[in-house]
Structure formats: structure tokens, C-alpha cells
> 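Starting off with a structure, shown below.
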Amino acid sequence: MSQYRDILYNGLWKQNPGMVQLLGLCPLLGISNSVVNAVGLGLATTLVMTFSNGAISAIRNLVSHEIRIPVFILVIAALVTVIDMAMNAFVHPLYLVLGIFVPLIVTNCIVLARTDAYAAKNPLLPSMLDGFAMGIGLTLVITSLGALREVVGKGTLLSGLDLAFGPAAQAFVIHVTPTDYKGFLLAILPPGAFFGLGLLIALRNWWDLRAQRAAAHPVTITAPQSA
């Protein structure tokens, strides 16, 4: 169980692909202008990473070292095609908004990096868990960034929910700011994504530094001495 706990901790925090490894920044910065868009792309990437890791782990002993990269890309491309067609069929409006970023999961360096660095060297279950943890770690970062940019830029949360669940879902959109809020355009433009991600990375680094200092200087409580 400790192995699986370490895999989850690595993907969600210690080696988070969005805030630590800084991989796949193009989709992370390009599509994180709202929570709905961020969650849609994040979950699609998570599914691809989970099953591509599993598939490559299953065939790792059958693929020679010299041709492994083309084989890995073919497997990833097949899975991305399935996800792409499923989103086109079932959440077509959201699919149109995400646009080219769904097919570009094939070239996302996070996916290929985990297949080559982990799945090609480890058994099936740990490999799938590694892909899932890394994907969820990326999803949490991109969703947090999307929420920050959407609140500052539009004053709402979950705008565009109707793209995934139909017009009735518009009732679940949260208006965080007063209705006369005009929005802050920079937040939903690409430069706002850089500023937002920088703030998230700074917050994570501050939290890690605080934890290290607490571990280095633990607080001891001494019992009062009786007279």
C-alpha cells in the first residue's frame, strides 16, 4: 500500500506535472480561462494517461528499445482518437470550444514522458495508477487556474456548464461578484494565465517551505512544574 500511496503523492503534489515539472504548459495556459473548459480537458487527459500507461505497461516486454517511442505515440494517438470521437458525439458544444487542444493530447509531453519514464518499466496496476495520479494532478492545477481566471475575468464560476449538460445547467452558474461587474479582461487572456500559474506555483512553494521549517523546528509543549 505504501507504493500506491507514494504514486498518488507524487502525482498530486511532489511531482505535480503542472506546478513542479511544468510539462504540457500549452494546453494548461491556453484552455484554462474557465472551470468547465479546464475540467473537460483535464479529465480527457487523465483518461488518456491512465489507459496509455496501462497499455504500454502490458506490452513493454514485447517492444524493443529502439522503436519504443513510435509505438508509444501510436498507442496514445489511438486512445486520443477514441476520446476525441466520444466528446464529439456526447458533448459536442464543449468539444467545439476545446477545439484543437483535444487532438493535441497526442503530442502532450506529460503523456509521453510518463509512458517512457514509468509505464515502460513497471507492472500494469502501478502504471495505470501513476497515469491517473499525474492526470488528476494536472486537472487540479488547470481547474484551480481556470477558477481563478474566471472569477477575476468574468466574476462567475461554472460559466459554460450548459456546453456539457444542456441549457438547464445554466441555472447552476455561480455569480461571485455583483451583476454590474465588468470583468478584468487581462485575466482571461493568455498573459493572465501566466500570472495565475505563477501565483499557484508561489503558493505551493510557500506551503512546502512552511512545512519544512515546521519539521526542522518542531514545537514542544512542556508541562508546568508544580510548586
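Keep in mind it's a predicted model, so treat the numbers as computed, not measured. For reference, positions follow the sequence shown, starting with 1. Values reported hereafter were calculated over all heavy atoms of this structure, with side chains retained and with hydrogens, waters and symmetry mates removed.
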> State whether the number of non-hydrogen atoms from other residues, nucleotides or ligands found under 6.0 Å of Tyr181 atom OH is greater than 12.
yes

> Does Lys121 NZ have over 12 foreign heavy atoms under 6.0 Å away?
yes

> Is there a donor-acceptor pair under 3.5 Å between the side chain of Asp162 and the backbone N or O of Gln170?
no

> Looking at CG of Leu158 and NE2 of His175, how far apart are the two atoms once the value is rounded to the nearest 0.5 Å?
10.5 Å

> Using 0.5 Å steps for rounding, measure from the CE atom of Met87 to the CG atom of Leu41.
7.5 Å

> Mind running side-chain contact (heavy atoms from CB on, under 4.5 Å) on Ile201 and Asn205 for me, showing each step along the way?
CA-CA 6 Å; Ile201 294 173; Asn205 291 342; 3.6 Å; yes

> Please test Leu209 against Gln212 for side-chain contact (heavy atoms from CB on, under 4.5 Å), starting from the C-alpha separation and ending with a verdict.
CA-CA 5 Å; Leu209 183 60; Gln212 291 172 10; 4.2 Å; yes

> Can you tell me how far the CZ atom of Phe51 sits from the OG1 atom of Thr46, to the nearest 0.5 Å?
11.0 Å

> Let me check something: do Tyr95 and Phe165 share a hydrophobic cluster, defined by ILVMFWY side-chain heavy atoms less than 4.5 Å apart, either directly or through other members?
yes

> Just do the side-chain contact (heavy atoms from CB on, under 4.5 Å) check on Thr45 and Thr139 with the steps written out, would you?
CA-CA 8 Å; Thr45 306; Thr139 302; 6.0 Å; no

> State, to 0.1 Å, how close Ile76 and Val106 come at their nearest heavy-atom pair, and which atoms those are.
CG2-CA, 3.9 Å

> Provide the closest heavy-atom pair for Ser159 versus Val36 in the form atom of the first, atom of the second, distance.
O-CG2, 3.6 Å

> How close do Leu161 and Phe172 get, heavy atom to heavy atom, and via which atoms?
CD2-CB, 3.8 Å

> If we ignore hydrogens and angles and just use 3.5 Å, is the side chain of Ser127 paired with the main-chain N or O of Asn122 as donor and acceptor?
yes

> Any chance you could measure Ser32, atom OG, to Ile188, atom CD1, to the nearest 0.5 Å?
11.5 Å

> I need the Leu197 CG to Leu22 CG distance, nearest 0.5 Å.
7.0 Å

> What do the steps show when you test Thr115 against Leu112 for side-chain contact (heavy atoms from CB on, under 4.5 Å), and what is the final call?
CA-CA 5 Å; Thr115 55; Leu112 184 59; 3.8 Å; yes

> If you define the side chain from C-beta out and look only at heavy atoms, does anything of Phe72 sit under 4.5 Å from Ser52?
no

> Side chains of Leu104 and Thr107: does their closest heavy-atom pair fall under 4.5 Å?
yes

> Is it the case that the side chain of Glu150 and the backbone of Val35 share a donor-acceptor pair, with hydrogens and angles ignored and the cut-off at 3.5 Å?
yes

> Is Thr143 reaching over with its side chain to a backbone N or O of Leu140, donor-acceptor style, under 3.5 angstrom?
no

> For Phe101, I'd like to know if atom CZ has over 12 heavy atoms of other residues, nucleotides or ligands within 6.0 Å.
yes

> With hydrophobic residues grouped by side-chain heavy-atom distances under 4.5 Å, do Leu124 and Met134 end up in a single group?
yes

> Rounded to the nearest 0.5 Å, what separation is found between the CG atom of Asn10 and the CZ atom of Arg5?
13.0 Å

> Any link between Leu157 and Leu199 through a network of hydrophobic side chains (Ile, Leu, Val, Met, Phe, Trp, Tyr) touching at under 4.5 Å?
no

> Would you check if the side chain of Arg213 reaches a backbone N or O of Arg210 as a donor-acceptor pair within less than 3.5 Å?
no

> Please report the closest heavy-atom contact between Thr156 and Val173, naming both atoms and the distance.
CB-CG1, 4.3 Å

> Taking all non-hydrogen atoms of both residues, which atom of Val75 and which atom of Ala55 are closest, and how far apart?
CG1-CB, 3.8 Å

> Going by heavy atoms in the side chains, are Ile7 and Phe132 under 4.5 Å from each other?
no

> Side chains of Ile110 and Leu138, heavy atoms from C-beta outward: is any pair under 4.5 Å?
yes

> Is there a chain of hydrophobic side chains (I, L, V, M, F, W, Y, each step under 4.5 Å between heavy atoms) that links Met49 to Trp13?
no

> Quick one, Val71 and Ile59 - any side-chain contact, counting heavy atoms below 4.5 Å?
yes

> List the atom of Gly18, the atom of Leu28, and the distance in Å for their closest heavy-atom pair.
CA-CD1, 3.9 Å

> Arg149 side chain to Leu189 main-chain N or O, any donor-acceptor pair under 3.5 Å?
yes

> Should Val91 and Leu163 count as side-chain neighbours, where that means a heavy-atom distance under 4.5 Å?
no

> Can any side-chain N or O of Ser57 pair as donor or acceptor with the backbone N or O of Pro123 at less than 3.5 Å?
yes

> Is Ile142 reachable from Leu200 through a run of hydrophobic residues whose side-chain heavy atoms are each under 4.5 Å from the next?
yes

> Using modelled atom types and a 3.5 Å cut-off, is there a donor and acceptor pairing between side-chain atoms of Gln15 and backbone atoms of Val20?
no

